[in-house]
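What follows is a set of notes on a single structure, which appears directly below.
In what follows, every chain begins at residue 1, and chains take the letters A, B, ... in the order their sequences are listed.
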Amino acid sequence: MRVPLSRIAHGRSGDKGDTSNIGIIAYDSRHFGVLVREVTAERVKARFGPLIEGRVERFELENLGALNFLCYGALGGGGTLSLRIDAQGKTMAAGLLGMEIDIDESELTD
Amino acid sequence: MIRIANGQGFWGDWLEAPVRLVEQGPIDYLILDYLAEVTMSIVQKQKQADPSMGYARDFPPLIGRIAAKMKERRVRVVANAGGVNPIACAREVKRLAPHLKVAVVLGDDVYDRVDDFLARGLELKNLDTGEPLADIRSSISSANAYIGAFPLAEALATGADVVIAGRSTDTALALGPMVHEFGWRADQFDLLAAGTIAGHIVECGAQCTGGNCIADWQTIPDFANIGYPIIEAEADGSFVITKHRGTGGRVSQETVKEQLLYELGDPRNYITPDCVADFTTVRLADDGADRVRVSGIKGRPATPYLKVSISYLYGYKATGTIVYSWPDALEKAKAADGIVRARLLALGLEFEEIYSEYFGANACHGIAAPAAAQPAEVMLRVGVRGKDKKAVDRFTRELIPLVLNGPPTGTGYGDGRPPVREVVAYWPALIPREEIHTRVEVVA
């Protein structure tokens, strides 16, 4: 079945210069594998289209049931240069959590 | 065990938070994080205008307000409030709280040494772009090395009630008191990493106690009285994140995890002046109501470099807005944007970038935003950035006329034309750590 990522995960996003960092965290650590399978760097890049000019790099934190994405060139120059309202990428996590993922009903433990 | 509380996540954070932390329960250290990259250039400008300024001006009055309670409850303060003028900051604190002992950490400010560095072949290349600093030498407005926890611990060893640093790292503000209290050595990397990650969790204040928390935010109680975070630190490097009883907000594994991920790069390589911390070793456990226990943290030796934060005048920018109501609000806003761009082109004005956003449609998330069939209103926000101040100034005159000479229902221009702002940009670089010599002074 298809559900929004927000069904199984929460997160927070911020900035490092012109790089947006998006942390995605499984509510239930048993869903870490689903995150790894469904939320790839390629899908994150595609999700935001032209908002992310550079590549997307993914890091795994299995201990926290979490993934960390670095989206390069995603903040319109970043810091004080950016002309975007969300120059620090504060809302990027919410934007990613709206993405639909495929999950087996048996994998939904709630 | 020692209790270290953070009462300020940035300069401009809630003024009541540090006062409440001192008054509403037991703490041993109150830390206050005032500095962001851009802040340094702001305080540098203030110092150039008035040599007695150049620090976080909110800080001395705060200390004046809590000084009696600090003495009564034996609370010590560690803050990076000094900006580019820690001694002036300390003197103002002494004026407002004469019975407190105040120490400053100096040596982070390398603004006057930049030419010497360049002359000796230290290029201070931009960490992001690789460009040499010489390209922008004439535009530099501040330069500060990030200093770590040990100079802060040295300042605490003087017995000071208040320790004021310039550009210390945010995490060092928490680690410094641990190094001082527990006698941690510079080669105990697991312990230093633990204190660093504790500092990372609390460095943004209430962002780890329920603020800006996506998980279940509607159920987070009493935001109006949100409790700021407290680290209960143990000598073995384990710690509990909590807040004062009876305060609002929440401390849970969710709130702590969100903050752990905030502004994180490569989780195995969180580089600080004191160590390299590994976020993949963090273990969290529930420890009662509004308490999360953190343990297991591993670290590695620090690198041979310190980061230098340089600010410089980059150019100018301006952003202006117009609101269009339904029907066809988005179409009107897009038409208006096209008209502005055509007029700028006709004027022969050149900009590095012209950027347009449509509030109420997709400003935050672009193509990831859900489609709104017929938004009630859309705000067009157009921004330009360039080196030529006159061109940016001319742009600011191109929005309001649209209300009369563009698509219908344009409104919301009441604040007049937008201001032209200086763009002070940030240039991160590395410097060999032996170049930076910190020293501690007690200010009489």
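- Within the 3.5 Å criterion, the main-chain N or O of B:I136 finds no donor-acceptor partner in the side chain of B:W427.
- With chain B as the partner, the residue from A:I22, A:N21, A:I24, A:D18 showing the most heavy-atom pairs under 4.5 Å is A:N21.
- Residue A:E60 touches chain B through its backbone alone, counting heavy-atom pairs closer than 4.5 Å.
- For the pair A:R43 and A:E38, the salt-bridge criterion is met [side-chain N within less than 4.0 Å of a carboxylate O].
- Both the backbone and the side chain of B:Q207 come within less than 4.5 Å of a heavy atom of chain A.
- Judged by distance alone, the side chains of A:H10 and B:E258 do bring a donor and an acceptor atom under 3.5 Å apart.
- For a residue to count as touching a neighbouring chain, one of its non-hydrogen atoms must lie under 4.5 Å from one of that chain's; by this rule B:R381 touches chain A with the side chain only.
- Contacts between B:E357 and chain A at a heavy-atom distance below 4.5 Å involve the side chain alone, from C-beta outward.
- With values rounded to the nearest 0.5 angstrom, B:L430 atom CG is found 8.5 Å from B:K307 atom NZ.
- Of residues 49-58 of chain A, those residues with a non-hydrogen atom less than 4.5 Å from any non-hydrogen atom of chain B are, in numerical order, A:G49, A:P50, A:L51.
- When the shell of 6.0 Å around CG of A:D104 is examined, it contains more than 12 heavy atoms from other residues, nucleotides or ligands.
- Each of A:L70, A:N68, A:L96 has some count of heavy-atom pairs under 4.5 Å with chain B, and the biggest count is that of A:N68.
- Contact annotation for B:Q253: neither backbone nor side-chain heavy atoms come within less than 4.5 Å of a heavy atom of chain A.
- Interface with chain B: from residues 74-87 of chain A, residues A:G76, A:T80, A:L81, A:S82, A:L83, A:R84, A:I85 qualify, criterion being any non-hydrogen pair under 4.5 Å.
- No part of A:A9 comes within reach of chain B, as not one of its non-hydrogen atoms sits under 4.5 angstrom from that chain.
- Of the listed residues (A:L64, A:L97, A:L67), the greatest number of heavy-atom pairs within a distance under 4.5 Å of chain B belongs to A:L64.
- At a 4.5 Å heavy-atom cutoff, the contact between B:D266 and chain A is made by backbone and side-chain atoms alike.
- Proximity to chain B is limited to the backbone of A:S13, based on heavy atoms less than 4.5 angstrom apart.
- Heavy atoms of B:V282 lying under 4.5 Å from chain A belong to its backbone as well as its side chain.
- Classification of A:E100 and A:R7 as a salt-bridged pair fails, no side-chain N sitting under 4.0 Å from a carboxylate O.
- At a 4.5 Å heavy-atom cutoff, the contact between B:T281 and chain A is made by backbone atoms alone.
- Ranked by non-hydrogen atom pairs under 4.5 Å with chain A, the options B:N212, B:V382, B:T319, B:L284 are led by B:N212.
- For residues 361-371 of chain B, there are no salt bridge (Lys or Arg N to Asp or Glu O under 4.0 Å) pairs, not counting sequence neighbours.
- Aromatic ring centres of B:H200 and B:F279: separated by under 6.0 Å.
- Note that the CG atom of A:L35 and the CD1 atom of A:I101 stand 7.0 Å from one another [nearest 0.5 Å].
- Using a 4.5 Å cut-off between non-hydrogen atoms, the part of residues 309-318 of chain B that approaches chain A consists of B:Y314, B:K317.
- Note on B:K389 versus B:D393: no salt bridge recorded, every NZ/NE/NH1/NH2 to OD/OE distance being 4.0 Å or above.
- For the pair A:V39/A:F69, a side-chain contact is recorded, criterion being any heavy-atom separation below 4.5 Å from C-beta on.
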